[in-house]
Number of protein chains: 2
Amino acid sequence: MQLLFEDLKEKLKKKNINLSYQRLKVLEYLTQVRTHPTVDQIFTDLQKDISTLSKTTVYNTLRVLVQAGLVRVITIEDNETRYDIDVRDHGHFKCESCGKIYDFNIDMNSLIVKDLNNFKIDDKNVYFKGICPQCL
Amino acid sequence: MQLLFEDLKEKLKKKNINLSYQRLKVLEYLTQVRTHPTVDQIFTDLQKDISTLSKTTVYNTLRVLVQAGLVRVITIEDNETRYDIDVRDHGHFKCESCGKIYDFNIDMNSLIVKDLNNFKIDDKNVYFKGICPQCL
DNA sequence: TACATTATTGTACTTAGTACAAATTATAAT
DNA sequence: ATTATAATTTGTACTAAGTACAATAATGTA
């Protein structure tokens, strides 16, 4: 996990994105808390360490990280935008009972569809909903 | 198209959902306007016909229709909830240039993943983003 | 028709996210 | 080190989506 964080710092440097204290803290948080947190969760938790933290900074930082391709946005639910440090292709399952979001492996290449022959595809998201084993 | 609308009216009756004027108008709109409209688009257009229409009614109606399984929610973008009268399995592609949302066929069964063996899956969504042929 | 139930409407409220200017911090050059 | 410049953070005000709820209207039923 620590390796991932150091790796991400390198990637930021290479993209000429300043490694400010706040940005590093957000990045560190996302590498450690793998529950696909919302802005509010990130802000509330980080504020315990950084008392002067502004929610705007969290929004700004996440926008920067998403644009840099280091973080992905999850819009599985219309009323909650979530963030994921894992940008590799994978699906998300939301349990409608406990609310937890699970990652699952998926072969995105097996998804390629003839209908989109002449389309330039930049981003693929697969969202499932239902009930998880623990809640069943 | 008219056949679809009549068919949907039947389904509403069978589910004991009142066929109020407003609900029928929303349903009719969704069968005719296949651009995956937002609440605001539905409300603005229908208000031309129904001057007393309330946005709350549109929200209520859509909730009823979604719960009845006659309409599906599309959360491809975090800042815009859209609605689709086509509840059959299919994917959605959003062009990040013109904003248009395209439907595409997809074999959801080929997607089944071992990671979700003990999960009860109720809803499957596939969202792609990129640039459409017209914008390329 | 009269009653009970359900749906609609409008207002007030909540909350996620944005705009923007002031203050702070970092960067670079001399 | 000092200054000038640029970038970042912060806080406030604002916008817009969506909800809560009570009053009104419409509908179904005996």
Side-chain angles (χ1 to χ4, degrees), chain A residues 9 12-29 36-68 70-84 94 99 101, chain B residues 8-9 12-29 36-68 70-84 99 101:
Chain A
K9 276 169 71 174
L12 279 184
K13 266 190 199 163
K14 278 180 188 160
K15 285 177 185 282
N16 281 324
I17 295 169
N18 278 206
L19 282 67
S20 77
Y21 182 66
Q22 289 83 347
R23 284 175 182 174
L24 287 175
K25 277 294 182 183
V26 170
L27 206 56
E28 187 190 44
Y29 183 87
H36 318 88
T38 62
V39 165
D40 205 64
Q41 287 164 349
I42 299 168
F43 171 72
T44 303
D45 281 349
L46 286 183
Q47 210 187 22
K48 294 168 190 164
D49 284 335
I50 315 166
S51 61
T52 63
L53 185 66
S54 164
K55 199 174 266 190
T56 306
T57 299
V58 180
Y59 277 106
N60 288 341
T61 300
L62 288 169
R63 181 164 26 77
V64 168
L65 295 176
V66 168
Q67 280 172 353
L70 298 189
V71 168
R72 97 173 358 203
V73 179
I74 302 174
T75 59
I76 195 169
E77 207 71 78
D78 59 339
N79 53 346
E80 52 177 37
T81 303
R82 292 169 170 272
Y83 296 87
D84 193 347
K94 171 159 186 175
I101 291 181
Chain B
L8 288 168
K9 276 168 71 173
L12 279 185
K13 267 189 199 165
K14 278 179 187 163
K15 285 176 184 281
N16 282 323
I17 296 170
N18 277 205
L19 282 68
S20 77
Y21 182 66
Q22 289 84 348
R23 284 176 182 172
L24 287 175
K25 278 294 181 183
V26 169
L27 207 56
E28 187 189 47
Y29 183 87
H36 317 89
T38 63
V39 164
D40 205 64
Q41 286 163 349
I42 299 168
F43 171 73
T44 303
D45 282 350
L46 286 184
Q47 211 187 24
K48 293 169 190 163
D49 284 336
I50 316 165
S51 60
T52 62
L53 185 66
S54 163
K55 198 174 266 189
T56 305
T57 299
V58 179
Y59 277 107
N60 288 340
T61 299
L62 287 169
R63 182 163 27 79
V64 168
L65 294 176
V66 168
Q67 280 173 352
L70 298 188
V71 168
R72 97 168 4 199
V73 179
I74 302 174
T75 58
I76 195 169
E77 208 72 80
D78 59 338
N79 54 347
E80 53 177 38
T81 303
R82 293 170 170 272
Y83 295 87
D84 192 348
I101 292 182

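Each chain gets a letter, A, B and so on, in the order its sequence line appears, and its residues count up from 1. Since the structure is predicted, the reported quantities are computational estimates derived from the model, not experimental observations.
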Would you work out how much the helix from C:dT1-D:dA30 to C:dT30-D:dA1 bends between its ends, with each end axis defined by five base pairs, to 10 degrees? 30°
Apply side chain to side chain contact (heavy atoms under 4.5 Å, CB included) to the pair A:Tyr83 and A:Thr38, showing each step before the final yes or no. CA-CA 6 Å; A:Tyr83 296 87; A:Thr38 62; over 6 Å; no
From [atom1] of [X] over to [atom2] of [N], roughly how many Å is that when rounded to an integer?
X	N	atom1	atom2	result
A:Phe43	C:dT18	CZ	C1'	16 Å
A:Gln47	D:dT10	CD	P	10 Å
B:Arg23	C:dA7	CZ	C1'	6 Å
A:Lys25	D:dT10	NZ	P	13 Å
B:Ile42	D:dG18	CD1	P	11 Å
A:Arg63	D:dT8	CZ	P	11 Å
B:Asp78	C:dG17	CG	C1'	9 Å
A:Leu12	D:dA7	CG	C1'	15 Å

Return a single string for nucleotides 25-30 of chain D, one symbol per nucleotide in 5' to 3' order, where B is base contact, S is sugar-phosphate-only contact and - is none, cutoff 4.0 angstrom on heavy atoms. ------
Between the protein and nucleotides 14-16 of chain C, which nitrogen or oxygen pairs are less than 3.5 angstrom apart?
none

What's the verdict on side chain to side chain contact (heavy atoms under 4.5 Å, CB included) for B:Val26 and B:Leu46, showing C-alpha distance, side-chain angles and the deciding distance? CA-CA 8 Å; B:Val26 169; B:Leu46 286 184; 3.7 Å; yes
I want to confirm an ordering. Mapping B:Glu80 and B:Asn60 to their closest nucleotides on DNA chain D, which one lands closer to the 5' end? B:Glu80
Let me confirm one number: the [atom1]-[atom2] distance from [X] to [Y], rounded to the nearest 0.5 Å.
X	Y	atom1	atom2	answer
B:Leu12	B:Asn18	CG	CG	9.5 Å
B:Ile50	B:Lys25	CD1	NZ	6.5 Å
B:Ile17	B:Gln67	CD1	CD	8.5 Å

Contacts of B:Lys48 that satisfy salt bridge (Lys or Arg N to Asp or Glu O under 4.0 Å) - sequence neighbours left out: B:Asp45
With sequence neighbours left out, what residues match B:Arg82 under salt bridge (Lys or Arg N to Asp or Glu O under 4.0 Å)? B:Glu80
Pair B:Ile76-A:Thr75, side chain to side chain contact (heavy atoms under 4.5 Å, CB included): steps then yes or no: CA-CA 7 Å; B:Ile76 195 169; A:Thr75 59; 5.8 Å; no
When you measure from the side-chain N and O atoms of A:Gln22 to the phosphate of C:dT25, is any distance below 4.0 Å, counting only OP1 and OP2? no
With sequence neighbours left out, what residues match B:Lys9 under side chain to side chain contact (heavy atoms under 4.5 Å, CB included)? B:Phe5, B:Glu6, B:Leu19, B:Leu24
For [X], all residues meeting side chain to side chain donor-acceptor pair (under 3.5 Å), sequence neighbours excluded:
X	value
B:Asp84	B:His90, B:His92
B:Arg23	none
A:Glu77	A:Lys94, A:Lys129
A:Gln41	none

Which pairs of donor and acceptor atoms, one on a side chain in residues 51-65 of chain A, lie under 3.5 Å apart (sequence neighbours left out)?
from	atom 1	to	atom 2	distance (Å)
A:Ser54	OG	A:Thr56	N	3.2
A:Lys55	NZ	A:Asp40	OD1	2.6
A:Asn60	OD1	A:Arg63	NH2	2.7
A:Asn60	ND2	A:Thr56	O	3.4
A:Thr61	OG1	A:Thr57	O	2.8

Protein and nucleotides 11-14 of chain D: nitrogen or oxygen contacts under 3.5 angstrom:
from	atom 1	to	atom 2	distance (Å)
D:dG11	OP2	A:Thr52	O	3.4
D:dG11	N7	A:Ser54	OG	3.4
D:dG11	O6	A:Thr56	OG1	3.4

